[in-house]
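I have placed the structure first, in the form of structure tokens, so that the comments after it can refer back to it.
Along the sequence shown, residues are numbered consecutively beginning with 1.
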Amino acid sequence: MPGKNVPAIKVDTVGYPTAWRKLAIFNVAPASAVVKDEAGTVVYMFKPSDVVDKGQDPASLDPVCRSTSRR
């Protein structure tokens with residue numbers, strides 16, 4: 001179950017330059033999702049237009065939403 005036994009948000013940023021676009025996969029509704037820096041300061045708030053509903057994952061049956069950001 002997303003957010004219980006697996007992370008509800010997956011972000012792949014390992015080894016990427018900071019200027020490259022980042023990709024986040026949400027397995028829960030990303031209402032009020034934000035990106036925070038190391039100090040916990042909000043540096044980006046996702047807008048509804050940032051998020052694309054990709055439907056249901058056929059293997060896990062989890063809902064899947066995708067967002068990309070330059071942050």
Is there a donor-acceptor contact under 3.5 Å from the side chain of N27 to the main chain of P63? yes
The criterion is side chain to side chain donor-acceptor pair (under 3.5 Å); which residues satisfy it with D57, sequence neighbours excluded? S60
Scan the side chains in residues 35-42 for donor-acceptor partners under 3.5 Å anywhere in the protein, sequence neighbours excluded, and list what turns up.
| residue | atom | partner | partner atom | Å |
| --- | --- | --- | --- | --- |
| D37 | OD1 | A39 | N | 3.0 |
| D37 | OD1 | G40 | N | 3.1 |
| D37 | OD1 | T41 | N | 2.9 |

Between atom OG of S67 and atom NZ of K47, what is the distance when rounded to the nearest 0.5 Å? 8.5 Å
Excluding L61, membership of its hydrophobic cluster (Ile, Leu, Val, Met, Phe, Trp, Tyr; side-chain heavy atoms within less than 4.5 Å) reads none
I'd like to check F46 versus P30 (side-chain heavy atoms, cut-off strictly below 4.5 Å). Are they in contact? no
Closest approach of D53 to C65 (non-hydrogen atoms, all atoms of both residues): CA-SG, 4.2 Å
How far apart are the closest heavy atoms of I25 and R66, and which atoms are they? CD1-CG, 3.8 Å
